[in-house]
Amino acid sequence: MKIIFFFFCLSFSMRVSAQLIERHQWKDRLVLIISNKKNSEEYSRQLGELTINAEGLDERKLMVYQILPDRHKILQDQDWMMSNDLYKRYAFNDKDFKVILIGLDGSIKVSQDTLLTAKELFATIDQMPMRRATMRRKSKG
């Protein structure tokens, strides 16, 4: 009985995290900032780097998720969601810090364990076909 319950919980957990990410598909690009600890220097630096570039985030339809082992939240939100689903799904190495860019199509475009500067992030996104099409439309209108 315990085994059945374990697999039910695991299945439910995977569906919840998948639904959370999938609700953004084709609407938002995602940046996931993942850390084992809230007071990590890399985690704080990454948050600061993106916070001061909020206009560029908005322009590129970027939602930033802060992800810790037991909770997560969108950068602009005040409230944390108590869950380890996203952490379990995306923190698949033993590093203290990771940043991931997920494109509009839901696939991982960048995954690294070092600071991703706003300049690097924006340059990567600005080379994507859908972003280039958006920029062309804006320049014509």
Side-chain angles (χ1 to χ4, degrees), residues 1-139 141:
M1 190 66 154
K2 288 181 182 180
I3 292 173
I4 293 170
F5 180 72
F6 169 77
F7 283 112
F8 171 77
C9 289
L10 182 62
S11 173
F12 180 75
S13 172
M14 294 301 211
R15 279 195 313 267
V16 169
S17 65
Q19 289 171 351
L20 189 65
I21 297 300
E22 287 169 0
R23 77 175 185 206
H24 293 287
Q25 193 168 7
W26 304 117
K27 292 183 247 170
D28 306 303
R29 293 175 181 91
L30 303 177
V31 175
L32 310 180
I33 304 172
I34 305 165
S35 181
N36 292 339
K37 47 192 181 264
K38 191 175 184 175
N39 58 358
S40 160
E41 182 180 332
E42 294 93 346
Y43 178 75
S44 296
R45 286 181 54 219
Q46 187 68 68
L47 286 172
E49 177 72 16
L50 297 180
T51 301
I52 63 172
N53 290 286
E55 187 176 314
L57 298 176
D58 289 341
E59 182 182 325
R60 291 167 181 84
K61 298 181 181 180
L62 277 162
M63 298 292 294
V64 178
Y65 275 85
Q66 296 172 243
I67 302 172
L68 296 171
D70 61 344
R71 60 190 179 266
H72 63 268
K73 74 177 192 128
I74 295 175
L75 182 62
Q76 299 83 348
D77 289 352
Q78 295 295 319
D79 298 324
W80 288 88
M81 181 172 197
M82 302 309 288
S83 168
N84 65 357
D85 298 340
L86 291 176
Y87 184 84
K88 287 195 303 190
R89 184 170 181 186
Y90 291 102
F92 42 80
N93 66 21
D94 60 350
K95 301 288 184 176
D96 290 340
F97 167 80
K98 180 190 269 188
V99 62
I100 297 173
L101 169 63
I102 298 177
L104 291 173
D105 63 359
S107 68
I108 294 176
K109 306 298 184 183
V110 174
S111 178
Q112 61 187 57
D113 57 12
T114 57
L115 179 78
L116 178 61
T117 66
K119 183 178 180 178
E120 294 168 318
L121 174 63
F122 297 162
T124 299
I125 292 169
D126 291 347
Q127 292 304 310
M128 294 177 179
M130 291 183 76
R131 171 67 178 154
R132 293 176 79 171
T134 300
M135 292 185 329
R136 279 193 302 273
R137 280 192 305 275
K138 284 185 178 183
S139 69

Heavy-atom side-chain contact between [X] and [Y] under 4.5 Å:
| X | Y | result |
| --- | --- | --- |
| Arg71 | Ser83 | no |
| Val31 | Val99 | yes |
| Ser111 | Ile100 | yes |
| Lys27 | Leu104 | no |
| Leu101 | Leu30 | no |
| Thr114 | Glu42 | no |
| Ile102 | Val110 | no |
| Phe97 | Leu115 | no |

Could you tell me which residues satisfy side-chain contact (heavy atoms from CB on, under 4.5 Å) with [X], sequence neighbours excluded, listed by chain and number?
| X | answer |
| --- | --- |
| Asp77 | Ile74 |
| Ala133 | Arg136, Arg137 |
| Asp70 | Leu68, Met82 |
| Asp126 | Arg60, Phe122, Arg131, Met135 |

What's the separation between atom [atom1] in [X] and atom [atom2] in [Y], rounded to the nearest 0.5 Å?
| X | Y | atom1 | atom2 | value |
| --- | --- | --- | --- | --- |
| Arg45 | Leu47 | CZ | CG | 12.0 Å |
| Leu32 | Met63 | CG | CE | 11.5 Å |
| Asn53 | Glu59 | CG | CD | 11.0 Å |
| Gln46 | Leu121 | CD | CG | 8.0 Å |
| Leu62 | Leu75 | CG | CG | 11.0 Å |
| Tyr90 | Ile34 | OH | CD1 | 8.5 Å |

> Does a donor on one side chain sit under 3.5 Å from an acceptor on the other, for Ser40 and Lys38?
Replying inline: no
> Tell me the ring-ring contact (aromatic ring centres under 6.0 Å, His included) pairs involving residues 32-65, sequence neighbours left out?
Replying inline: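 Pairs touching residues 32-65 that pass the test: His24-Tyr65.
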> If only atom types and distance count, is the side chain of Gln112 paired as donor or acceptor with the main-chain N or O of Lys98 below 3.5 Å?
Replying inline: no
>> Closer than 3.5 angstrom, by distance alone: can the side chain of Gln66 be matched with the main-chain N or O of His72 as a donor-acceptor pair?
In response: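 Not a single qualifying donor-acceptor pair exists.
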> Around atom NZ of Lys73, are there more than 12 heavy atoms of other residues, nucleotides or ligands at under 6.0 Å?
Replying inline: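 Count over threshold, so yes.
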> Is it the case that more than 12 heavy atoms not belonging to Gln76 sit under 6.0 Å from its CD atom?
Replying inline: yes
>> Holding to side-chain hydrogen bond (donor to acceptor under 3.5 Å, both in side chains), I want the full list of residues that pass it with Glu120, two or more places apart in sequence or in another chain.
In response: Thr117
